[in-house]
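Before any comments, here is the structure.
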Amino acid sequence: MPRPLLSKLQVGVYGPGEVAGYHMGAYMANPRCRVVAICGRDAERAEARLAAVGLSPAQVSIYTDYHRMLETADLDLVSLCVPNFLHASATIAAARAGKHVLIEKPICLRPEEIPEMLKAVREAGVRTVVAFRLRFSPHIARIKQWVDEGILGRIEYLESTYVLGVRSLGKPWIADQQATGDCLTVLGVHAMDLVRYLSQPGPAQDVVEVEAALARADRELPYASRGVVFCRLANGKLARVGVDAGGLRPFHLELNLQGSQGSVLEGKVYVEGRGGLELPEVVPGDPRAGRAEYQGLIDHFVDSVVERRESHCNLLDATNTHLAVFAASRAAEAGGRARVAFRP
Ligand SMILES: NC(=O)c1ccc[n+]([C@@H]2O[C@H](COP(=O)([O-])OP(=O)(O)OC[C@H]3O[C@@H](n4cnc5c(N)ncnc54)[C@H](OP(=O)(O)O)[C@@H]3O)[C@@H](O)[C@H]2O)c1
């Protein structure tokens, strides 16, 4: 059970790496939060991360044991910023300790991990948000608003491709398949999430069937770096999800939507009989975009805790995105199609 809320929510951050800097910066800018603990395997590295965001060990306790932080740091919220393979066990531990959890993507690396995560969260009654930060980009938020208001009509077809050469990030764990998964778990989940989120007004639509092909295009990565996934959504509409994690390419997102009354194609909007619709100038991938996306994400998480309402991108919602990419990997291996087990 989460404890009654104090006037400021006490935040603990697990994993003192790059993304933790974004999380902490956003918590610090939210007047309802205070970062009180950080955990990493090495206290000096954790201290360096604190210094990088303008905090010190006098303000924030440093832990080198995650379970000890959960037991003793007097937290309301935990942000999970560790490598992918730790997300499932860290979510379960946080929920069992009664902490609300912000889970970096991917939520896990294997479908078998999902039921226990959901059970722990349900039994503890904690809130979760999965870090699909693109939902909070002003660019995507504007498109979602048009979808919600019916400005594009019924959405008939979507394409979303996420390109980022992961070797360029210089993370030791990213070229380790056991820690990372493949191009679909490390990047493809973002593209899959967007087609689900933008395919209808309101909550994201589920994917029910996929066909996929994966290629080991970058020989310096031990997993498939390029993938194409054709998706059938629960309402019968189609989507194509692409991912390219190879080489040293900078982040680039391609997003196209075709609706019965209008389309978003290559960053331009076309609506029959209507002009004046524009997308924000700052697109995902613009250096100015990251902070706004993380601020939106963290503010949304804090709101969901304080206002006691479930997030539109909670663990349950993210389940279908992950089951869809796991099914895609399975389908690619088998050279064909796979049904997506709906949601547990
Ligand atoms: N939502 C998004 O768009 C987005 C963007 C970037 C990253 N992410 C996700 O955020 C997570 C962290 O990414 P990052 O870019 O911050 O990575 P990072 O810079 O490598 O940071 C990860 C941190 O985890 C700690 N850690 C704890 N146990 C570890 C272990 N067994 N192996 C390696 N590191 C361990 C490391 O600190 P110590 O070595 O000091 O323990 C490290 O600083 C990943 O899951 C990634 O997929 C999401």
Side-chain angles (χ1 to χ4, degrees), residues 12-26 37-53 62-69 78-91 93 101-109 113 128-137 139-140 160 162-194 197 223 243 245 250-253 284-287 289-298 300-301 313 318 321-322 325:
V13 176
Y14 180 30
E18 190 178 350
V19 104
Y22 283 99
H23 285 225
M24 285 196 285
I38 187 166
C39 177
R41 292 171 301 177
D42 177 89
E44 278 182 21
R45 285 200 292 272
E47 187 171 343
R49 179 56 63 193
L50 289 182
V53 297
I62 295 177
Y63 289 83
T64 52
D65 180 323
Y66 175 57
H67 295 275
R68 202 165 146 62
M69 177 174 86
V78 181
S79 256
L80 303 182
C81 302
V82 278
N84 304 353
F85 74 104
L86 293 169
H87 295 178
S89 58
T91 300
V101 205
L102 179 53
I103 311 163
E104 263 302 347
K105 45 54 62 177
I107 58 172
C108 61
L109 293 180
E113 295 173 299
T128 54
V129 168
V130 177
F132 284 125
R133 62 166 217 287
L134 291 174
R135 290 195 188 191
F136 302 91
S137 118
H139 190 90
I140 305 295
S160 164
Y162 199 106
V163 177
L164 171 64
V166 291
R167 285 192 289 111
S168 69
L169 302 174
K171 320 263 170 197
W173 55 271
I174 220 145
D176 171 357
Q177 188 159 21
Q178 300 298 320
T180 304
D182 61 16
C183 62
L184 289 173
T185 48
V186 74
L187 302 181
V189 287
H190 275 306
M192 184 67 77
D193 180 65
L194 286 180
Y197 185 55
Y223 46 80
V243 59
F251 170 50
H252 177 70
L253 179 73
D286 183 303
R291 291 218 172 268
E293 291 162 7
Y294 271 102
Q295 194 64 56
L297 173 79
I298 298 286
H300 171 78
F301 177 43
C313 61
T321 295
H322 289 73
V325 302

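Count residues from 1 along the sequence. One-based numbering, in listed order, for ligands and for the atoms of each.
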Reported [atom1]-to-[atom2] distance for the pair [X] and [Y], which is rounded to 0.5 angstrom:
| X | Y | atom1 | atom2 | value |
| --- | --- | --- | --- | --- |
| T180 | L187 | OG1 | CG | 10.0 Å |
| I103 | F301 | CD1 | CZ | 8.5 Å |
| L297 | R135 | CG | CZ | 10.5 Å |
| T185 | Q177 | OG1 | CD | 8.5 Å |
| I38 | R45 | CD1 | CZ | 11.5 Å |
| S89 | H67 | OG | NE2 | 6.5 Å |

How far is [atom] from the closest protein heavy atom, and which atom is that?
| atom | result |
| --- | --- |
| atom 6 (C) of ligand 1 | V19 CG2, 3.5 Å |
| atom 15 (O) of ligand 1 | K171 NZ, 3.0 Å |
| atom 47 (O) of ligand 1 | N84 OD1, 3.0 Å |
| atom 21 (O) of ligand 1 | G17 CA, 3.2 Å |

Which one holds for [X] and ligand 1: side chain close, backbone close, both close, or neither close, with close meaning a heavy atom under 4.0 Å?
| X | value |
| --- | --- |
| K105 | both |
| R133 | side chain |
| R45 | side chain |
| V186 | neither |
| P16 | both |

Is the closest side-chain heavy-atom distance between [X] and [Y] below 4.5 Å?
| X | Y | answer |
| --- | --- | --- |
| I174 | R167 | no |
| L50 | I62 | yes |
| I107 | V189 | no |
| V130 | D193 | no |
| F132 | T321 | yes |
| I298 | L102 | yes |

Nearest to [atom] by heavy atom, [options]: which?
| atom | options | value |
| --- | --- | --- |
| atom 2 (C) of ligand 1 | Y22, Y294, F132 | Y294 |
| atom 22 (C) of ligand 1 | P172, G40, A48, C81 | C81 |
| atom 1 (N) of ligand 1 | E104, E18, R49 | E104 |
| atom 30 (C) of ligand 1 | H190, H23, R41 | R41 |

Please indicate whether any nitrogen or oxygen in [X] is less than 3.5 Å from any nitrogen or oxygen in ligand 1.
| X | answer |
| --- | --- |
| P83 | no |
| P106 | no |
| L86 | no |

Work out whether the distance between some heavy atom of [X] and some atom of ligand 1 is less than 4.0 Å.
| X | result |
| --- | --- |
| H87 | yes |
| E293 | no |
| F251 | no |
| F85 | yes |

Check: F251 ring centre within less than 6.0 Å of Y162 ring centre: yes
Where ligand 1 meets V82 - atom numbers and elements under 4.0 angstrom, heavy-atom basis: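 So the answer, numbered in order with elements, is 11 (C), 12 (C), 24 (O), 27 (C), 44 (C), 45 (O).
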Close-contact set for ligand 1 against W173 heavy atoms, below 4.0 Å: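 Answer for ligand 1: 13 (O), 17 (O), 18 (P), 20 (O), 44 (C), 46 (C), 47 (O).
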